[in-house]
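Encoded as structure tokens, the structure appears first; notes follow it.
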Amino acid sequence: MKITDAKVIVCSPGRNFVTLKLTTEDGAYGLGDATLNGRELAVATYLTEHVVPLLIGRDARRIEDIWQYLYKGAYWRRGPVTMAAISAVDTALWDIKAKTLGVPLYQLLGGASRDSVLVYGHASGADIEEAVKAVAHYVDLGYKAIRAQSGVPGLASTYGVGRGGMYYEPAEKNIPPENLWSSERYLDFVPQLFSRLRREFGPDLHLLHDAHHRLTPIEAARLGKELEPYHLFWLEDPSPAELQERFRLIRQHTTTPIAVGEVFNSVYDCQQLIQEQLIDYIRTTVVHAGGISHLRKIASLAEMYQVRTGSHGATDLSPACMAAALHFDLSVHNFGIQEYMRHAPETDRVFPHSYTFDQGHMYPGDSPGLGVDIDESLAAKFPYQRAYLPVNRKLDGTVHDW
Ligand code: GCO
Ligand code: MG
């Protein structure tokens, strides 16, 4: 079953997406997400110039062989651009294989390990009162797990506070905005937010929070410790994780569960975090960590150390990635939770899909393959628009992690 066509589709229905569509000689096709927020065209070019010429004529059934060919064969390994490109190829090949066999993808991954996929949504507000209202809204929608973020008094902007509506989109058109940050103000404020949310919503609701890589290990340890009475489901990215041993200090001080990994691209980025049990949830996802094939290897390593999965699922991961994540989540034994930020209506129109949400859980559906398509003529009506994630500075002007 030879690959005869490989098309890289760049579109911007609500935000930018890069999608790979592979077609075989018998007309079957598969989709893979290759979106890297703020660096979309780097992956599109990597695919068109360096990967597509290698795919034409190759046997679409040899998924693992093609993965290794693209990974080892490039000599230059890993990194977000390369791995997003490999992910797209891998996802599209799994989609083709499942479609050809007439089964939903999770059936090829060992079948369902559970009936549904627990997801968390994003509630945010400019202040505590607004955040409480936003959480209540998500509860009304049926969510059982909610990530809560709020504006911090004395800071004009902070990570995770949406511009209204049901999704949080941090990328901005043209030149990146600059945000101002103070860890001191943030650390003083966040425990007040969660104390209020627990009082308001009782013990059963799962509450999550994302610190977005901004704290030093000792600051993160303090935050984890102060949040202990409020029993978070997890505290995400408390500290940048390039240096994995940083997390030992956090771990020594707090029982608040820790989730890390949305910016990781391979098992090597999280090997120490997993093997030393420095985290509770690994957040690598299909599009940025080498596709379904590589994500399964990460999950297998994590399973040995009782670390569960909690894949990234922000709006900048396309419906093709969301669907792939749901098939993975349904099948993998050590699944924990899945992030689900809804897409803009125009994104959903460009990518019709069979996955559904009900009462805080999601279902990939039983269409063959991923259960996602792309309306190419509609996609063409939404051309690429350059956009960047914000850059962060401390109050004294020093560049800080965003
Ligand atoms: C999350 C993430 C996102 C990222 C975004 C970057 O937990 O969902 O932190 O909000 O900032 O995906 O592109
Ligand atoms: Mg995050």
Side-chain angles (χ1 to χ4, degrees), residues 12 14-18 33-43 80-81 83-84 87 119-124 134 138 143 145-151 157-163 165-173 176-177 179 181 186 190 206-215 220 223 232-241 257-265 269-270 273 279-289 309-319 321-322 325 336-344 347 385-392 400-402:
S12 195
R15 67 155 358 274
N16 292 321
F17 292 111
V18 179
D33 182 22
T35 309
L36 185 60
N37 202 357
R39 297 293 186 269
E40 294 87 357
L41 298 188
V43 189
V81 175
M83 295 305 276
S87 301
V119 297
Y120 70 92
H122 284 207
S124 69
Y138 274 82
Y143 283 85
I146 300 168
R147 185 188 96 160
Q149 310 285 139
S150 162
S157 55
T158 187
Y159 166 78
V161 181
R163 279 165 268 183
M166 284 300 294
Y167 61 92
Y168 169 64
E169 175 51 69
E172 302 254 7
K173 306 260 151 44
N179 293 173
W181 177 250
Y186 169 80
V190 177
H206 293 309
L207 291 171
L208 299 83
H209 182 70
D210 190 349
H212 221 259
H213 326 264
R214 292 170 177 207
L215 305 173
L223 180 62
L232 262 59
F233 186 96
W234 80 34
L235 172 62
E236 176 180 336
D237 287 330
S239 205
I258 305 291
V260 174
E262 65 182 42
V263 299
F264 293 166
N265 313 120
D269 299 328
C270 45
L273 287 175
I279 56 173
D280 301 278
Y281 296 91
I282 179 69
R283 279 183 47 73
T284 43
T285 195
V286 175
V287 56
H288 298 136
T309 67
S311 291
H312 188 201
T315 30
D316 47 293
L317 284 64
S318 92
C321 177
M322 190 64 211
I337 200 167
Q338 169 69 47
E339 180 179 15
Y340 173 50
M341 252 209 260
R342 290 165 191 244
H343 285 110
T347 302
Q385 294 188 286
R386 177 172 296 116
Y388 290 95
L389 289 169
V391 172
N392 215 13
H400 192 60
D401 306 86
W402 178 77

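From a predicted model like this one, the values you see are computed outputs, not experimental measurements. When a ligand or atom number is given, it counts from 1 through the structure's own listing order.
A heavy-atom distance below 4.5 Å is not found between the side chains of His206 and Trp234. When side chains are defined from C-beta on, Glu262 does not count as touching Thr285, because their heavy atoms never get closer than 4.5 Å.
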Practice problem: Take Tyr138 and Tyr120 through the test ring-ring contact (aromatic ring centres under 6.0 Å, His included) and record every step on the way to the result. | Solution: CA-CA 9 Å; Tyr138 274 82; Tyr120 70 92; over 10 Å; no
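Checked for salt-bridge contact, Arg386 and Glu40 miss the test: no charged N lies under 4.0 Å from a carboxylate O.
Counting only protein atoms, the N, O or S atoms lying less than 2.8 Å from the Mg ion (ligand 2) are Asp210 OD2, Glu236 OE2, Glu262 OE1, ordered by chain and residue number.
Using a 30° and 60° split on the angle between ring planes, His212 and Tyr159 fall in the parallel class, below 30°. Relative orientation of the Tyr186 and Trp181 rings is tilted, given thresholds of 30° and 60° on the angle between their planes.
Contact residues of ligand 1 (protein heavy atom closer than 4.0 angstrom to a ligand atom; sorted by chain and number): Asn37, His122, Arg147, Tyr159, Asp210, His212, Glu236, Glu262, Arg283, His312, Ala314, Asp316, Glu339, Met341, Leu389, Trp402.
Partner of Glu236 under the side chain to side chain contact (heavy atoms under 4.5 Å, CB included) criterion, chosen from His312, Arg283, His213: Arg283.
Checking side-chain atoms of Asn392 against main-chain N and O of Asp401 turns up a donor-acceptor pair under 3.5 Å.
Taking both residues in full, the closest heavy atoms of Val161 and Gly151 are given as CG2-N, 3.4 Å, listed atom of the first, atom of the second, then distance.
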